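Taking it in order: structure first as structure tokens, then the write-up.
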Amino acid sequence: MSRKPLLIRKARPFRYSSAKMKHDNPKNKVLWAGRLGEKPDGEAFAFQSSINVDRRLVFQDIEGSRAHVAMLGARGILSAGTAAALEAELVNIAGEIRAGKLVIDEGAEDIHSFIEGILTERLGDAGRSVHAGRSRNDQVALDVRLYLKRRVPEIEGRIGEAIGTLLDVAERHTESVMPGYTHLQRAQCVTLGFHLCAWAAALGRDRLRFADALIRLDECPLGAGALAGSSLPLDRERTAEALGFSGPTLNAMDSVADRDFALELAADCAITQTHLSRFCEDIAIWAAEEFRFIDLAEAWSTGSSIMPQKKNPDFAELIRGKAGRAAGNMVTLFTVVKGLPYAYNKDLQEDKEALFDSLDTVDACLRMFRGMIASARFDTERMAAASTGGFLEATDAAEYLVRKGLPFRKAHEAAALLVRDAIAAGKDSIASLSLAELQSRSPLFEEDLYAVLSPLACASARRLTGGPAPEEVRRQIAALRKFTR
Ligand code: ARG
């Protein structure tokens, strides 16, 4: 099987998509050409370049450069004319890239060099002045933060949409009884609405985690330079404000060494993905013929190439499987960062691929999960049937005795003996025993027990905060709605 490597590609020759080729074209040069007489060529250059990954930061890179040149102009580090020319050209470049007129050159070292190269090609010395007081170290830290300030709220929105869909379904099923499980053994009767609210509650925490990460990354690293700021009279407050940050970062060395935002968000993605994975495990179980609690839409299932009868829950399985990828990316990031001496090291270039992959994965899985749930049919009759005949009411029978004053341990024993009696008599529920049989285990049992033991009565009786009673689940749904806005 031939597989295209993701990052290490054969270097392609530079493509001049925006200007006539000149022999002294500045795009032939890397940004560090002055110090080193030779540059790595071919495969070696491609190995260390990051354009294939950081090209997605192009608009953030341009936005950061616009704020930077405006500040350089305002500070008199650049003439007003030069600053204005650079700004205008950066706007042009963004427009051309959007329109597909300017193609990002995959032969460039990274997105920062690419943009500076175009500016220099078009504006000469003005282009050569854009990097005053800046390093790619603070530039890339800025670009990623700007990207995350846009991307993270999108993911929060996706989580909100998934929660909204779960709650819409839950609302229709506050009285649809189903077994609740522990150890994958039927445990106590709950409702489908209650079960879906359990999922929604987990996603609600996920949404808060993403929002929380956003608060901490909302500081602007621009002006940190390579690691120690600049002797030029930059105005970090101004660029931070122009770029919509709460302020500049506190310490320049920390600004270029720090990848906490990547670690945190990768962890947030891994947790969200782990949640989705568990929900999908439930769905895959429910879709099995032996359960048939859920009937996934045909458009959200796949068939088998050999077994004609199959309708497989592939979407659920794949979402479940991608939890491995999200956890892997998190481990990748921690491992990359853990041994690095301060401040910037090229190892940090490895941060983006893992982080972007986690964000893309969670984003896609949330959308797929939502579509799968919105189109699924839940078989409430099968769920109700599974809620009777498995002694799910045993705890409720014991609590009946507790209400009549019996110590719980004795009540537990009486109910357990009833279960044994029923099994010995070939019956499958406590309710199918006669009153005389019930009273042989405890004289406290009376006729009113039977009304307490129906599945819906059992679920409805647990009306504590957090319980499965229909009115309590309706309260939970209303409370969880806040995560959908
Ligand atoms: N491509 C680099 C990264 O993603 C940009 C910073 C490069 N800085 C450097 N000193 N080589 O981290």
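Values in this document were obtained by computation on a predicted structure and should not be read as measured data. Counting from 1, the numbers follow the sequence of the chain as shown. Both ligands and their constituent atoms are indexed starting at 1 by order of listing.
- Inclusion of Asn137 in the set of residues having an N or O under 3.5 Å from an N or O of ligand 1 is warranted.
- In terms of polar-atom proximity, Lys346 is not counted as a contact of ligand 1, lacking any N or O under 3.5 Å from an N or O of the ligand.
- Looking at atom 11 (N) of ligand 1, its nearest protein heavy atom turns out to be Arg136 NH2, 3.9 Å.
- Ligand 1 has no N or O atom lying under 3.5 Å from any N or O atom of Arg259, backbone or side chain.
- Gln349 OE1, 2.8 Å is the protein heavy atom nearest to atom 1 (N) of ligand 1.
- Under the 4.5 Å side-chain criterion, counting only non-hydrogen atoms from C-beta, Gln188 is not in contact with Pro468.
- Within ligand 1, counting atoms from 1 as listed, the ones closer than 4.0 Å to a heavy atom of Ser50 are 1 (N).
- Within a 6.0 Å sphere centred on CZ of Arg278, other residues, nucleotides and ligands contribute 12 heavy atoms or fewer.
- Between Arg238 and Glu241, none of the side-chain N atoms (NZ, or NE/NH1/NH2) sits under 4.0 Å from a carboxylate O, so this pair counts as no salt bridge.
- Looking only at side-chain heavy atoms (C-beta outward), Asp105 and Ile118 stay at 4.5 Å or farther from each other.
- Distance from atom 12 (O) of ligand 1 to its nearest protein heavy atom, with residue and atom name: Tyr344 OH, 2.5 Å.
- Of all atoms in ligand 1, listed by their number and element, those nearer than 4.0 Å to a heavy atom of Lys352 are 3 (C), 4 (O), 12 (O).
- When side chains are defined from C-beta on, Asp54 does not count as touching Val140, because their heavy atoms never get closer than 4.5 Å.
- For Lys338, the NZ atom is loosely surrounded, since the number of other residues' heavy atoms within 6.0 Å does not exceed 12.
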